[in-house]
There are 2 protein chains.
Amino acid sequence: MKQQGETGGRTRNGWEALARERIDRSSFVPPYYQLAQIIERHVRSGDFGPGDMLPPEAELARMFGISRMTVRKSIEKLAQLGLVTASQGRGTFVNQPPLEHATFSLREFAEDMQARGLRPSCRLLEAKVMRAPAEVASKLNLDPGRRVLFVRRLLYADDEPMVYDRKYLRYDRGQPILEAELEYMNLPAVMARHSDVLPSDSRFVVRVARCSHEEAALLGVEPDSPAFQVEQFVHSADGSLVGWGILVYRGDRYYFTSLPRLLR
Amino acid sequence: MKQQGETGGRTRNGWEALARERIDRSSFVPPYYQLAQIIERHVRSGDFGPGDMLPPEAELARMFGISRMTVRKSIEKLAQLGLVTASQGRGTFVNQPPLEHATFSLREFAEDMQARGLRPSCRLLEAKVMRAPAEVASKLNLDPGRRVLFVRRLLYADDEPMVYDRKYLRYDRGQPILEAELEYMNLPAVMARHSDVLPSDSRFVVRVARCSHEEAALLGVEPDSPAFQVEQFVHSADGSLVGWGILVYRGDRYYFTSLPRLLR
DNA sequence: AAGTGGTCTAGACCACCCT
DNA sequence: GGGTGGTCTAGACCACTTT
């Protein structure tokens, strides 16, 4: 098993370099976090290269005068970052820098806009109880003709339309629809009032698509202009589908940014 | 502090329901994972509703006859799922079901295609050392006219073009370019050979855009058809930009799927 | 002051991998 | 068989929040 190597003229001196580091017991930063930072620095600087094995947990505990459980907490952070991979019975190994990997997040609209420094607002275009279209009934596993709650909203950023949101939700209880609850659209609360099943999880598919005339008119963009088309599937705890929707995000204003890989 | 409540006619009886559960010490599933599953079930079923406090860690340890460290490991998993949030000094609280939240991942192309059941392949269109265009030189913080490595590739899925990849990379060493290394395009290895700085991280921005004529011709789609345009920024450990690229993903074939929120 | 989560310890045994 | 990571224990002290 290769433990240390050399590439491209760069020397790797992981153990020696690590051995010179110390945990500052007087710091407010807890030891597990200090150790994670120390190892991260030595990995990113190349003292440990891709494929190299880190010193065993017991050895790190000895080197830094901390317990093994504390060492494990450090390494777990680094593993979450994708920097190293622990392998039972073998050791903990440095990964290739994940240059072709990244994660993105889709966030609740208002929160998302606030994070981007824009002021979110919302206009309820329509909310009605209707007989489920055949396509929707089959998706939601309802008898054809069963009633569903249909909601259309336009979501604004700094008073400009950004997202066109259409959703079909299970409607089992005959409760009257309150405009107020749909403006803010706390989806779990809405479904708790109108549906017999508790929503538990959403899955999404993001595609690109050309705006229809309707979508373009509402969003204030040219017909056929490209946009993010986000399909939403709301599931209950037992896995059945209890809501389905399409969100169209303006392609000329909206974008996704990969999440920073930080030590948390 | 509200600890238990009632909503929409559903009763919440978290503590009593939890108290009836047991850890199976003969199971191969470790206790921390069993407890995480137990709590997840009672949260998703509504025994604990949004805002409710879970029993304190010490109480859970007592209830299930396990140590507090083990309880903490269970709760940490649930916190990673976004199901609960622990708050020092206050307690651990159930979140709203994250119906409007999701995460996506951008993966290395071959890995991505394999996961989708497609056979990845690659064609190197061009690889050359060139004077950095002004725009690129300023991005990579190079003197104007410095040489950079420019690579154009077409990435195929089941022998159909899927992604058009163009990248500019730092080129400091004058090493000859080997076609083979660019076919597989292990980016860290390529940069280790040709650059003096170690790449450490990538950041991405995903936009929608219409294909240019060049892009459309290479991808085999109509000009102006919508596509995912992924901008890549490759950083070194010290934060400086050492690579920049644009990847165009076919809009008619490619899509992103949100990651399942699973207990790992 | 009491209750909560956050961190740490110094052990222990186990499952797994390699030789 | 020896070395590795995975899990667990039974405590301890601390930081923070609420009463």
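Protein chains get the first letters and strands the later ones, always in sequence-line order, with residue 1 at the start of each. What you are looking at is a predicted structure, and each value in this text was computed from that prediction instead of being measured.
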- Item | Upstream residue (5' side of DNA chain D) when B:M69 and A:E57 are each assigned their closest nucleotide | A:E57

- Quick one: on DNA chain D, does A:A58 or B:G89 contact a more 5' nucleotide (nearest heavy atom)? A:A58

When you check the gap from the basic side-chain N to the acidic O, do [X] and [Y] get nearer than 4.0 Å?
X: A:R72; Y: A:E57; answer: yes
X: A:R44; Y: A:E40; answer: yes
X: B:D165; Y: B:K167; answer: yes
X: A:D196; Y: A:R170; answer: no
X: B:E21; Y: B:R41; answer: yes
X: A:E59; Y: A:R62; answer: yes

Nucleotide [N], atom [atom2] - distance to [atom1] of [X] in whole Å:
X: B:Y32; N: C:dC13; atom1: OH; atom2: P; value: 21 Å
X: A:L60; N: C:dT9; atom1: CG; atom2: P; value: 14 Å
X: B:L54; N: C:dT4; atom1: CG; atom2: P; value: 12 Å
X: B:M53; N: D:dT18; atom1: CE; atom2: C1'; value: 12 Å
X: A:R72; N: C:dG11; atom1: CZ; atom2: P; value: 18 Å
X: A:K73; N: C:dG6; atom1: NZ; atom2: P; value: 8 Å
X: B:Q34; N: D:dT7; atom1: CD; atom2: P; value: 13 Å
X: B:L35; N: D:dT9; atom1: CG; atom2: P; value: 11 Å

- Task: Please state whether the rings of A:F256 and A:Y249 are parallel, tilted or perpendicular, taking 30° and 60° as the class boundaries.
- Result: tilted

- Task: Check each residue of residues 18-28 of chain A for a non-hydrogen atom within less than 4.0 Å of any atom in DNA chain C, then write out the ones that pass by number, or none.
- Result: A:R25

- Item | Any A:S87 side-chain N or O less than 4.0 Å from OP1/OP2 of D:dG5 | no

- Message: If you assign B:R68 and A:T70 each to the DNA chain C nucleotide with the nearest heavy atom, which residue ends up on the more 5' nucleotide?
- Response: B:R68

- Note on the structure: Assert: residue with more 5' nearest nucleotide on DNA chain C, out of A:G65 and A:Q88, is A:G65

- Query: With respect to the side chain of A:P56, which nucleotide from D:dT17, D:dT4, C:dC17 is positioned closest?
  - Reply: D:dT4

- Query: Looking across every strand, which nucleic acid part, if any, lies under 4.0 Å from B:I66 by heavy atom: base, sugar-phosphate, or nothing?
  - Reply: sugar-phosphate

